[in-house]
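Heads up: numbering here begins at 1 and tracks the sequence.
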Amino acid sequence: MSASTLPTREATRPHPGTELPRQSGFARALRRNLTAHGFLIGAVLCFAFFSWYPMVREFLLAFRKTKDGRTTWAGWSNLSYVFHDPAFWQAWRNTLLFTGLALVLGFVLPFLVAVLLNEFRHGQGYLRLLVYLPVMLPPVASVLLFKYFYDPGYGLFNRVFELLGLPAQQWLQSTGTAMLSVVIAATWMNMGSATLVYLAALQGIPGELYEAAELDGAGLLRKIWHVTVPQTRLVLSLMFLMQIIATMQVFTEPFLLTNGAGPEGSTTTVVYLIYQYAFNFNNYGGAAALGLVLLVLLAGFSAMYVRLSRDSDQ
């Protein structure tokens with residue numbers, strides 16, 4: 001190549017009257033955040049495949065029925081079958097009973113434990129670890145541990161009752177104590193997370209409020225009622241709704257402790273009834289219809305939770 005054909009520096013410069021093509025703001029932002037967009041797209045695809053797609057399939061399956069390998073449109077027949085099933089109403093009664101008992105124990109007890117931990121000035125970190133330890137255990141291991149405790153022959157609870165001179169109990173074999181036994185196990189397994197949330201909220205309360213209450217002659221209970229509860233009302237409301245959403249989907253504890261149904265169906269929950277429809281009765285349309293009913297009910301509580309969360313951010 002001759003020297004005359006080489007481009008000179010002046011030839012490569014743009015003319016004063018010409019402008020270089022400008023890239024759009026979206027293209028520049030996409031180039032700068034390409035890695036972040038890649039992770040975001042992957043998360044959205046996983047969420048869509050494992051969450052949105054099953055919900056859409058459940059909605060469609062609730063209005064279809066499968067027989068002899070052929071799927072046909074069923075209309076409202078699956079919902080009608082579910083509503084006319086006596087087990088449907090029993091499952092809802094048991095689920096509401098579990099939710100009510102879980103709110104009494106699993107909602108109040110963590111708050112009281114958090115108030116107690118907040119009074120400690122030394123060793124609070126070790127106490128937080130001790131309270132949160134059951135949450136770190138595998139749920140199946142925790143449930144089987146309680147199943148051993150509830151054993152009517154050699155279980156720990158009946159041994160303690162014998163030492164106290166009390167009669168032994170048929171914890172999981174009696175209709176009167178089966179659901180309460182499930183609630184106790186579930187509370188012990190899950191109260192650690194709620195306790196730490198309450199403790200964080202309590203530590204954000206200004207100490208001047210408690211000092212002013214003490215100057216007014218308020219005791220411990222009055223300080224909790226007039227200072228602690230009002231200052232943590234929003235957190236309590238959010239945790240209350242989360243507790244309802246979580247307890248209405250209970251499955252693991254009754255399934256492992258009482259084989260799902262329990263004595264005379266006393267621990268049959270809505271989610272376990274869905275399991276029975278799908279895997280014991282091969283009625284996938286009925287299972288999807290019952291799941292749709294539960295989905296609509298929990299969507300209402302979830303909307304309330306989102307509303308309260310939005311108010312807390314403002």
Side-chain angles (χ1 to χ4, degrees), residues 58 62 78-110 139-140 142-152 155 157 169-191 194 239-302 304-305:
E58 179 188 9
N78 289 326
L79 289 170
S80 177
Y81 173 81
V82 167
F83 283 120
H84 287 86
D85 186 2
F88 172 82
W89 302 106
Q90 183 185 24
W92 275 109
R93 285 194 299 269
N94 293 336
T95 301
L96 294 177
L97 175 61
F98 178 88
T99 300
L101 293 175
L103 289 175
V104 173
L105 295 179
F107 179 72
V108 178
L109 185 60
V140 175
S142 299
V143 173
L144 293 180
L145 177 65
F146 266 85
K147 192 171 185 178
Y148 168 77
F149 290 163
Y150 286 136
D151 189 273
F157 291 156
Q169 300 292 324
Q170 298 291 326
W171 297 98
L172 302 176
Q173 293 76 25
S174 172
T175 57
T177 58
M179 183 60 75
L180 179 61
S181 302
V182 173
V183 172
I184 293 174
T187 301
W188 182 84
M189 292 167 53
N190 302 302
M191 67 174 291
M239 295 299 294
F240 182 81
L241 290 176
M242 290 184 63
Q243 183 87 355
I244 293 177
I245 295 172
T247 53
M248 294 192 71
Q249 302 177 74
V250 61
F251 174 78
T252 304
E253 291 85 353
F255 182 75
L256 294 177
L257 286 174
T258 63
N259 296 323
E264 300 180 10
S266 58
T267 60
T268 300
T269 61
V270 174
V271 178
Y272 179 71
L273 186 59
I274 294 175
Y275 171 84
Q276 281 190 313
Y277 276 150
F279 299 104
N280 293 343
F281 308 149
N282 293 325
N283 187 356
Y284 299 105
L290 183 55
L292 183 61
V293 174
L294 182 62
L295 174 64
V296 171
L297 181 62
L298 295 182
F301 290 108
S302 300
M304 296 172 60
Y305 173 77

Here the gap from Tyr272 atom OH to Asn259 atom CG, rounded to the nearest 0.5 Å, amounts to 7.5 Å
Here the gap from Leu109 atom CG to Leu103 atom CG, rounded to the nearest 0.5 Å, amounts to 13.0 Å
*Are Pro139 and Met189 close enough that some pair of their side-chain heavy atoms sits under 4.5 Å apart?*
yes
Min side-chain heavy-atom separation Trp92-Met248 under 4.5 Å: yes
The reported gap from CH2 in Trp188 to CD1 in Ile184 (rounded to nearest 0.5 angstrom) is 13.0 Å
d(Gln170 CD, Thr175 OG1) to nearest 0.5 Å is 11.5 Å
- prompt: Do Val104 and Val108 have side chains that get closer than 4.5 Å, going by heavy atoms?
  reply: no
Shortest non-hydrogen pair, Gln243 vs Phe107, comes out as NE2-N, 4.0 Å
Q) Taking the side chain as C-beta and beyond, is there a heavy-atom pair between Ile244 and Met304 under 4.5 Å? A) no
If you count the non-hydrogen atoms of other residues, nucleotides and ligands that lie under 6.0 Å from CD in Glu264, is the total more than 12? no
Look at the side chain of Thr267 and the backbone N and O of Pro254, then say whether any donor-acceptor pair between them is shorter than 3.5 Å. no
For Leu97 and Met179, the nearest pair of non-hydrogen atoms, with its separation, is CD2-CG, 3.9 Å
Ala87 and Leu273 have their tightest heavy-atom pair at O-CD2, 3.7 Å
- Query: For Gly106, does its backbone N or O pair with a side-chain atom of Asn190 as donor and acceptor, under 3.5 Å?
  - Reply: no
### Message
Is it the case that over 12 heavy atoms from other parts of the model lie below 6.0 angstrom from the CZ atom of Phe240?
### Response
no
From the list Thr268, Thr247, Val270, side-chain contact (heavy atoms from CB on, under 4.5 Å) with Thr95 holds only for Val270
Closest heavy-atom pair, Glu58 versus Leu292, reported as atoms and distance to 0.1 Å, is OE2-N, 3.1 Å
Distance-only donor-acceptor hits, side chain of residues 274-287, under 3.5 Å, sequence neighbours excluded:
unit_1: Tyr277; atom_1: OH; unit_2: Asp85; atom_2: OD2; d: 2.4
unit_1: Asn283; atom_1: OD1; unit_2: Gly286; atom_2: N; d: 2.9

So Tyr150 and Phe146, would you call those rings parallel, tilted or perpendicular, with 30° and 60° as cut-offs? tilted
Shortest non-hydrogen pair, Ala185 vs Leu257, comes out as CB-CD1, 4.0 Å
- Between Thr269 and Val250, is there a donor-acceptor pair closer than 3.5 Å when you use the side chain of the first and the backbone of the second? yes
| said: Is any side-chain heavy atom of Gln173 closer than 4.5 Å to one of Pro263? | reply: no
For Ser266 and Gln90, the nearest pair of non-hydrogen atoms, with its separation, is N-NE2, 4.4 Å
Applying ring-ring contact (aromatic ring centres under 6.0 Å, His included) to Phe98 and not counting sequence neighbours gives none
**OP:** Find out whether Leu298 and Leu294 are in side-chain contact, i.e. whether some heavy atom of one side chain is under 4.5 Å from a heavy atom of the other.
**Re:** yes
Rounded to the nearest 0.5 angstrom, the OG-CD distance for Ser142 and Glu253 is 9.5 Å
One should read off an interatomic distance between Leu290 CG and Leu79 CG, to the nearest 0.5 angstrom, of 9.5 Å
